[in-house]
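Below: the structure, in structure tokens.
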Amino acid sequence: MKITHIAVSIVLVVLLSASFFFSDSHHIDSFEAYSQEIPGSKITIDMLPIPEGTYLMGSPAQEANRLEDEGPQHKVKIQAFWMSKFEITWEQYELFMAREIDHIQGNKAAEVNLALDGVSGATAPYTDMSFGMGKEGFPAINMTQYAAATFCKWLSAKTGHFYRLPTEAEWEYACRAGSQTTYHFGNDPAQLPDFAWFAGNSQEIYHPIGQKKPNAWGLHDMHGNVAEWTLDQYLPDFYQTTGKKTFLNPWATAAELYPHTVRGGSWKDQPNALRAAARRGSVPAWKKRDPQLPKSLWWLTDAPFVGFRIVRPVETPSPEAMEKYWGEPIEEY
């Protein structure tokens with residue numbers, strides 16, 4: 001699909017009308033790791049604090065295997081947030097798919113007024129979406145970016161805390177964990193087997209979360225296993241618009257269905273695709289086997305290498321802004 005008339009905004013908060021209200025605190029007293037229980041189940045999501053900071057986004061001109069869309073490097077300031085320690089698993093994602101716990105009381109203390117019946121339901125899968133590679137303890141795969149964002153909306157309704165996908169800038173910042181090297185552990189791809197599942201060691205399948213060493217902030221599988229959705233439209237020349245100023249929380253908001261940016265590389269990829277600065281855009285071919293007409297909002301039956309993780313910003317956005325982060329279908333799928 002040819003991309004036309006892409007409207008790009010670099011924003012901190014985008015205000016839209018919304019009918020939902022959160023009483024989640026705008027100022028968090030304790031910025032520490034925590035485990036988010038999904039009410040109505042015994043399943044939790046481990047969340048780690050990612051401190052505020054400034055870094056150089058993108059790759060330097062001399063980095064091996066660097067691509068043009070990774071530059072020029074530019075200074076970005078990121079406000080603090082929590083990020084899930086692991087990629088979202090099938091156990092967590094299928095609670096959203098089934099929606100059987102929606103009638104169970106959520107977080108009363110939060111006094112949330114985000115009606116669960118107002119959160120879109122997912123299309124039932126017509127096949128094993130793990131393609132036989134495993135489910136228990138494995139990252140969820142084969143969902144569209146919109147489906148991943150709607151999981152965040154559903155989780156927010158269940159818990160009373162605002163969750164969303166990370167921006168591309170947040171993702172790279174969290175991956176680097178204070179480093180400016182090719183990978184968060186250094187420049188030598190020979191060390192990748194200690195930190196990542198990729199083409200060189202995956203046996204052409206994905207693997208359970210958390211089997212490899214984490215980065216300096218405790219995040220596992222930021223390189224490899226499955227690539228991860230971000231909020232951003234993929235724009236190859238996005239960094240060329242930055243100039244020399246420091247950008248606060250940049251976000252290339254989407255005006256087209258394709259492409260969205262995925263980050264981190266996967267079990268199918270070579271080391272160059274797992275670099276901290278490496279970028280990739282989604283394509284319609286990732287849904288070519290979807291039998292529904294129009295194409296489903298939910299499934300990417302030819303992208304078993306794509307999953308996601310979630311973030312929760314310390315500063316909760318205004319109620320009017322939340323729908324923008326969760327997104328709506330931009331055009332017919």
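Positions are given from 1, in the same order as the sequence printed here. Predicted, not measured: the structure shown is a model, and the values here were computed from it.
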Listing request: all salt bridge (Lys or Arg N to Asp or Glu O under 4.0 Å) pairs with a residue in residues 204-218, at least two apart in sequence or in separate chains.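 For residues 204-218, and leaving out neighbouring residues, there are no salt bridge (Lys or Arg N to Asp or Glu O under 4.0 Å) pairs at all.
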
Between [X] and [Y], ring centroids under 6.0 Å:
X	Y	value
Tyr325	Trp251	yes
Trp217	Tyr173	yes
Phe195	His184	yes
Tyr163	Trp82	no
Trp286	Tyr258	no

Could you tell me whether [X] and [Y] have a side-chain N and a carboxylate O separated by less than 4.0 Å?
X	Y	answer
Glu91	Lys135	no
Lys77	Glu52	yes
Arg275	Glu63	yes
Glu94	Arg99	no
Asp302	Lys288	no

Residue of the set Val262, Leu235, Leu231, Thr230 for which side-chain contact (heavy atoms from CB on, under 4.5 Å) holds with Glu168: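 Exactly one pass, corresponding to Thr230.
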
Taking [X] for its side chain and [Y] for its backbone only, find out whether a donor-acceptor pair lies under 3.5 Å.
X	Y	answer
Lys153	Ser120	no
Trp171	Trp229	no
Asp269	Ala273	no
Thr167	Glu170	yes
Asn201	Ala196	yes
Asn215	Gly218	yes

Taking salt bridge (charged side-chain N to carboxylate O under 4.0 Å, His left out) as the test, write out the residues that go with Glu228, two or more places apart.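 So Glu228 forms a salt bridge (charged side-chain N to carboxylate O under 4.0 Å, His left out) with Arg309.
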
Tyr239 six-ring centre to Arg279 NZ/CZ under 6.0 Å and within 45° of normal: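 Relative to the ring axis of Tyr239, which defines the angle, Arg279 lies inside both limits.
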
Quick one: is the NZ or CZ of Lys245 closer than 6.0 Å to the six-membered ring centre of Phe247, and within 45° of its axis?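 Pair Lys245/Phe247 counts as cation-pi.
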
Would you mind reporting whether Trp90 and Ile141 have side-chain heavy atoms less than 4.5 Å apart?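 Answer yes - side chains close enough.
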
Is there a side-chain contact between Pro313 and Gln79 in this structure, where contact means two heavy atoms from C-beta onward sitting under 4.5 Å apart?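 Counting from C-beta outward, Pro313 and Gln79 never come under 4.5 Å.
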
Checking Asp232 against Thr261: is there a side-chain donor and acceptor pair closer than 3.5 Å?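 The criterion, which ignores hydrogens and geometry beyond distance, is not satisfied for Asp232 and Thr261.
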
To which residues is Ile209 joined in a hydrophobic cluster, defined by side-chain heavy-atom contacts under 4.5 Å among Ile, Leu, Val, Met, Phe, Trp and Tyr, whether direct or through other members?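 Members besides Ile209, by chain and number: Phe86.
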
